[in-house]
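Take a look at the structure below.
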Amino acid sequence: MSVTLAIIGAGARGQIYARAAAADGRARIVAVADPDPARRNALADEHGLPEDARFAGWAELAAAPKRADAVVIATQDRMHAEPAVAFAELGYAILLEKPMAPTEREARRIVEAVERSGVVFAVCHVLRYTAYTRAFKELVGGGRLGTISSVQHLEPVGWWHMAHSFVRGSWRNAAGSGPMLLTKSCHDLDWLLHLVQDEPVSVASFGSLTHFRPENRPPGAGGRCVGCAVEPTCPYSAQRLYLGCLGDPDREFWPLGPVTSDATVAGVTHALETGPYGRCVYDCDNDVVDQQVVMLEFARGATVSFTMTAFTPLEHRKTRVFGTHGFAEGDGRTIRVVDFTTGAEESIDTGTTAGASLADGHGGGDVGLIRAFIDAVEAGDQAPLGAGAADALAGHLVVWAAERARERRTVEAL
């Protein structure tokens with residue numbers, strides 16, 4: 001018997017999870033809710049849904065007789081809490097896109113509703129569910145490195161990804177979405193807690209918007225890339241990025257998909273002339289940081305330094321673990337291990353071939369998460385997910401404490 005899923009939010013993430021679930025072979029998409037008729041109908045048509053399975057919003061779906069075993073909530077960040085609480089109370093298993101919610105109060109409401117209802121629940125921390133993470137976790141947990149002394153972790157956001165999502169795009173402004181550390185890097189704080197397996201006790205953080213500011217606008221630059229005199233030499237040219245997606249189905253899905261559904265030169269050009277993605281990166285209403293460091297201290301004395309920066313290629317995360325008996329460093333695909341007793345070196349190939357971006361499935365994490373979620377729903381048991389609502393909340397609490405530390409220039413207790 002297949003697991004039935006309703007998709008709430010038919011944007012890129014909703015589409016990706018729906019396709020991964022259908023491809024798994026053990027799940028069926030039976031309903032979709034989205035206020036945008038084009039997105040709603042496109043996803044519904046793809047999965048062969050009848051008219052009565054297409055809803056204008058999550059509230060309409062919640063008001064209908066129970067139609068599915070589980071819901072995938074892939075709405076915008078500030079629209080997570082209400083549907084999550086409502087569907088938990090209705091007895092649906094829930095897969096909730098990260099971040100849980102923009103505020104601690106809302107996130108705790110979700111956790112309370114999930115724990116009260118006893119439903120299967122997961123936040124889409126997809127980095128937990130890659131073959132690479134499993135190999136790294138087994139290496140650390142198996143004791144080969146001894147006791148962890150410290151960890152260095154880098155999130156290379158990518159210069160064009162920063163411009164697309166966090167300068168021109170939906171996550172550019174903290175008031176409209178949330179701080180960068182929450183909307184982009186709650187993945188990483190969750191992953192580090194998962195790896196270290198100890199209680200964080202204090203956090204400090206520094207970061208700012210260093211580059212994408214009006215005062216850094218090149219002389220002679222226009223308000224939009226189309227027609228701008230300096231566009232040919234600008235690293236953040238929207239024309240170069242989005243016209244360069246044409247002819248590549250993966251890149252036409254993302255990053256071009258949010259820009260326009262008309263994947264032609266004329267369609268892209270019109271979108272850049274009229275829409276938000278054609279704006280000069282030095283003339284937007286963005287305010288989220290473009291670089292940040294977070295420093296964590298754990299109960300048993302280990303320390304972690306995490307760096308998020310826009311000024312890189314978009315690549316897999318890079319991690320170094322310094323243990324008392326060994327050293328390991330990973331690049332999202334392979335892990336180099338050095339044994340201090342023998343001096344021997346080993347390279348662990350995790351079999352990861354997929355890239356790090358949304359279009360690449362986050363290195364296999366999207367599919368891994370969906371499989372674990374279907375396992376959990378089939379069994380009626382949280383265990384296949386390896387984490388629950390409280391685990392997801394823990395990483396978010398670190399994010400909010402780090403943001404307080406950054407804003408106040410303090411060290412915050414956890």
Side-chain angles (χ1 to χ4, degrees), residues 125-158 181 184-205 292-309 312-357 360-369 372 386-387 391 394-395 398-399 402:
H125 286 310
V126 296
L127 298 183
R128 281 181 177 243
Y129 298 94
T130 64
Y132 170 80
T133 294
R134 287 194 299 273
F136 221 139
K137 189 78 164 55
E138 289 170 7
L139 172 68
V140 172
R144 288 185 61 187
L145 305 181
T147 301
I148 293 179
S149 173
S150 59
V151 179
Q152 292 178 342
H153 183 70
L154 168 69
E155 180 180 14
V157 175
L181 197 64
K184 185 71 177 76
S185 301
C186 67
H187 271 320
D188 296 270
L189 275 304
D190 174 80
W191 191 86
L192 288 163
L193 296 188
H194 180 59
L195 184 71
V196 175
Q197 288 294 294
D198 192 13
E199 291 295 319
V201 294
S202 57
V203 62
S205 183
Q292 187 166 355
V293 294
V294 177
M295 292 145 287
L296 279 168
E297 181 183 29
F298 286 80
R300 294 195 292 268
T303 56
V304 167
S305 62
F306 164 57
T307 298
M308 179 284 301
T309 178
T312 65
L314 197 173
E315 297 178 334
H316 286 290
R317 276 78 167 175
K318 320 292 184 187
T319 306
R320 291 175 170 173
V321 178
F322 305 89
T324 55
H325 289 179
F327 164 84
E329 61 180 347
D331 61 4
R333 299 179 187 273
T334 61
I335 306 169
R336 172 180 169 241
V337 185
V338 180
D339 185 300
F340 293 169
T341 302
T342 65
E345 293 195 18
E346 178 188 0
S347 179
I348 300 172
D349 184 350
T350 67
T352 301
T353 57
S357 77
D360 296 321
H362 295 114
D366 291 350
V367 170
L369 168 65
D391 299 295
V398 172
V399 168

Practice problem: Rounded to the nearest 0.5 Å, what's the gap from CG on Leu139 to CD1 on Ile348? Could you check? | Solution: 5.0 Å
Quiz item: Do other residues, nucleotides or ligands put more than 12 heavy atoms under 6.0 Å from the CD atom of Glu199?
Solution: no
Quiz item: Between the main-chain N or O of Asp188 and the side-chain N or O of Ser185, is there a donor-acceptor pair closer than 3.5 Å?
Solution: no
Quiz prompt | Results of side chain to side chain donor-acceptor pair (under 3.5 Å) for Ser149 - residues two or more places apart only | solution = none
Quiz item: What closest approach, in Å, do Ala372 and Tyr129 show between heavy atoms, and which atom pair accounts for it?
Solution: CB-CE2, 3.9 Å
Self-check item: Closest heavy-atom pair and its distance - Phe136, Ala328
Solution: CE2-CB, 4.1 Å
Exercise. Please lay out, stage by stage, how Ile335 and Tyr132 fare under the test side-chain contact (heavy atoms from CB on, under 4.5 Å).
Key: CA-CA 8 Å; Ile335 306 169; Tyr132 170 80; 3.7 Å; yes
Exercise. Indicate the atoms forming the closest heavy-atom contact of Pro200 with Val398, along with that distance.
Key: CG-CG2, 4.0 Å
Quiz item: Has the side chain of Thr312 got a donor or acceptor atom that lies under 3.5 Å from a matching backbone atom of Gly158?
Solution: yes
Quiz prompt | Point-to-point distance, once rounded to the nearest 0.5 Å, from CG of Leu127 to CG of Asp190 | solution = 8.0 Å
Practice problem: Determine whether Leu314 and Val157 make a side-chain contact, defined as any pair of heavy atoms from C-beta on separated by less than 4.5 Å. | Solution: no
Self-check item: Close side-chain approach of Val293 to Phe306, heavy-atom, < 4.5 Å
Solution: no
Quiz item: Taking only residues at least two apart or on different chains, which pairs with a member in residues 145-156 satisfy salt bridge (Lys or Arg N to Asp or Glu O under 4.0 Å)?
Solution: Glu155-Lys184, Glu155-Arg317
Quiz item: What is the distance from atom NE2 of His125 to atom CG of Leu369, rounded to the nearest 0.5 Å?
Solution: 10.5 Å
Quiz prompt | Which atom of Ala402 lies closest to which atom of Leu181, heavy atoms considered | solution = CB-CD2, 3.6 Å
Practice problem: Answer whether the closest heavy-atom distance between the side chains of Leu145 and Val337 falls below 4.5 Å. | Solution: yes
Quiz prompt | Distance in Å, Asp331 CG paired with Arg320 CZ, rounded so as to fall on 0.5 Å steps | solution = 11.5 Å
Practice problem: Would you please name every residue forming a side chain to side chain donor-acceptor pair (under 3.5 Å) with Lys137, sequence neighbours left out? | Solution: none
Quiz prompt | Pairing residues for Thr309 by the side chain to side chain donor-acceptor pair (under 3.5 Å) criterion, not counting sequence neighbours | solution = none
Quiz item: Is it the case that Glu297 and Thr303 place a side-chain donor and acceptor less than 3.5 Å from each other?
Solution: no
Quiz item: Which heavy atom in Arg300 sits nearest to a heavy atom in Val196, and how many Å separate them?
Solution: NH2-O, 4.2 Å
Quiz item: Between Glu329 and Lys318, does a salt bridge (charged side-chain N to carboxylate O under 4.0 Å, His left out) hold up when you go through it step by step?
Solution: CA-CA 7 Å; Glu329 61 180 347; Lys318 320 292 184 187; over 6 Å; no
Quiz item: Under the ring pair (Phe, Tyr, Trp, His ring centres under 6.0 Å) rule, what pairs show up with a residue in residues 321-349, not counting sequence neighbours?
Solution: Phe322-Phe327
Quiz item: Should Val201 and Phe298 count as side-chain neighbours, where that means a heavy-atom distance under 4.5 Å?
Solution: no
Quiz prompt | Contact check, side chains of Asp391 and Arg128, non-hydrogen atoms, under 4.5 Å | solution = yes
Self-check item: Rounded distance [0.5 Å steps], OG in Ser305 versus CG in Leu296
Solution: 9.5 Å
Self-check item: Salt-bridge present (Glu315, Arg333; N to O < 4.0 Å)
Solution: no
Quiz item: Taking atom CD of Gln292 and atom OG of Ser205, what is their separation to the nearest 0.5 Å?
Solution: 3.5 Å
Exercise. Show your reasoning for whether salt bridge (charged side-chain N to carboxylate O under 4.0 Å, His left out) applies to Glu138 and Arg144.
Key: CA-CA 9 Å; Glu138 289 170 7; Arg144 288 185 61 187; over 6 Å; no
Self-check item: Note: Arg336-Glu345 ion pair, threshold 4.0 Å (strictly below)
Solution: yes
Practice problem: Write down the atom of Ala354, the atom of Gly364, and the distance for their closest heavy-atom approach. | Solution: CB-N, 4.1 Å
Practice problem: Using side chain to side chain donor-acceptor pair (under 3.5 Å) as the criterion, list what pairs up with Thr350, not counting sequence neighbours. | Solution: Thr352
